[in-house]
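What follows is one structure encoded as structure tokens, with my remarks underneath.
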Amino acid sequence: MGRRREFLDGDTADVARRLLGSTLVSTVDGSETRGVIVETEAYLGLADPASHAHVSKGRTPRNDAMFAARGTLYVYVSYGIHHCINVVTGEEGVPAAVLIRALDPVAGREVMAARRKRDTDLCSGPGRLAQALGITMRHNYHDLARPPVRLIPGTPVEESKTGASGRIGVSRAADWPLRFFVKGHPAVKPPRW
DNA sequence: GGTCGGATCATCT
DNA sequence: GATGATCCGACCG
């Protein structure tokens with residue numbers, strides 16, 4: 001992914017929208033799984049009250065990967081059970097990231113179903129897609145330019161086919177329009193507004 | 001179809 | 001002791 005640097009450069013909200021249409025490929029445990037990104041959320045870092053790296057928290061072991069170089073994978077555990085994955089978008093030392101919330105599963109569906117122990121809702125939610133791709137905390141700090149988890153930039157989804165809304169499940173800055181999604185895609189649940 | 005509560009833990013109060 | 005960038009099974013209509 002040689003174009004990674006330029007593709008992820010710029011305002012994090014713009015990057016979050018631009019990532020719609022790009023592909024995540026995992027070869028974790030030797031099986032390829034692949035999905036096209038259809039829902040994202042931007043987390044702006046220091047100035048964003050909903051971000052794990054908001055100034056009020058400082059740099060901690062948990063959020064440390066958000067301070068890494070652009071194109072790094074930031075993984076955290078949600079509700080003690082689920083893993084959520086983010087693409088780091090800031091300069092090194094400046095935290096910012098895009099949460100991947102949903103994928104259109106395009107390859108390795110059987111492997112995903114085996115990992116998920118069900119054959120529906122394979123990648124429609126941040127915890128679900130991390131499980132489907134086999135991503136866990138051991139992939140925190142991983143460079144998305146190389147296996148076993150790669151980000152392949154794609155042609156961004158036409159803007160008229162995308163929507164924006166408030167982020168899901170956040171209590172602070174809930175009205176900031178930083179969630180982006182492909183309108184009408186089955187893996188994307190309809191927004192509150 | 002929709003709603004409710006449990007699982008489980010790093011971080012914060 | 002409470003909270004949260006979540007998901008799932010149980011239960012109710």
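In what follows, every chain begins at residue 1, and chains take the letters A, B, ... in the order their sequences are listed.
Note: CG (Leu44(A)) to P (dA5(C)) measures 14 Å, nearest angstrom. One interatomic measurement links the two molecules: CG of Leu99(A) to P of dG4(C), which rounds to 16 Å at whole-angstrom precision. One atom, NE2 of His52(A), and another, C1' of dT3(C), lie 11 Å apart when rounded to the nearest Å. One interatomic measurement links the two molecules: CG of Asn63(A) to C1' of dA5(C), which rounds to 13 Å at whole-angstrom precision. Rounded to whole angstrom, the span from the NE2 atom of His82(A) across to the P atom of dC7(C) amounts to 6 Å. Rounded to whole angstrom, the span from the NZ atom of Lys117(A) across to the C1' atom of dG9(C) amounts to 16 Å. Atom C1' of nucleotide dC7(C) and atom CZ of Arg101(A) are separated by 11 Å, given to the nearest angstrom. Put simply, CE on Met137(A) is 12 Å from C1' on dC9(B), counting in whole angstrom units.
Contact of Tyr76(A) with dA10(B) (side chain to base): no donor-acceptor pair of N or O atoms is detected under 3.5 Å.
Ser171(A) has a side-chain polar atom (N or O) that falls below the 4.0 Å cut-off from OP1 or OP2 of dG4(C). Phosphate proximity of dG4(C) to Arg172(A): absent, as no side-chain N or O sits under 4.0 Å from OP1 or OP2. At dC7(C), none of the side-chain N or O atoms of Arg116(A) fall inside 4.0 Å of OP1 or OP2 (strictly under the cut-off).
Between His139(A) and His142(A), the angle of the ring planes goes over 60°, which puts this pair in the perpendicular group of the 30/60° scheme.
Residue side chain Tyr79(A) fails the stacking definition with respect to dA7(B), as its ring centre and the base's six-membered ring centre are not both under 5.5 angstrom apart and under 30 degrees in plane angle.
Residue contacts shown for Asp121(A) are absent, as no nucleic acid heavy atom lies under 4.0 Å away. At a threshold of 4.0 angstrom between heavy atoms, the contacts of Val77(A) with the nucleic acid are absent.
Picking from dT11(B), dC12(B), dT6(C) the nucleotide with the shortest atom distance to the side chain of Arg62(A) gives dT11(B). You'll find that the side chain of Arg128(A) is closest to dC8(C), out of dA5(C), dC12(B), dC8(C). Checking dA5(C), dA7(B), dC7(C) against the side-chain heavy atoms of Pro126(A) singles out dC7(C) as nearest.
Across the C1' atoms, dT3(B) and dA5(C) are found 22 Å apart, a figure rounded to whole Å. dC8(C) and dA10(B) are spaced 22 Å apart, taking the C1' atom of each and rounding to whole Å.
With a cut-off of 3.5 Å on both pairing distances, dT8(B) has no Watson-Crick or G-U wobble partner at all. Pairing partner, dA5(C): none, since no Watson-Crick or wobble contact has both distances short of 3.5 Å.
A salt bridge links Arg138(A) to Asp29(A): at least one charged side-chain nitrogen sits closer than 4.0 Å to a carboxylate oxygen.
Using modelled atom types, one side-chain atom of Ser22(A) and one backbone atom of Gly154(A) make a donor-acceptor pair closer than 3.5 Å.
Counting heavy-atom neighbours within 6.0 Å of Glu32(A) CD, excluding the residue itself, gives a total above 12. A 6.0 Å sphere centred on CZ of Arg59(A) holds more than 12 heavy atoms belonging to other residues, nucleotides or ligands.
Between Phe181(A) atom CZ and Thr162(A) atom OG1 the span is 8.0 Å, to the nearest 0.5 Å.
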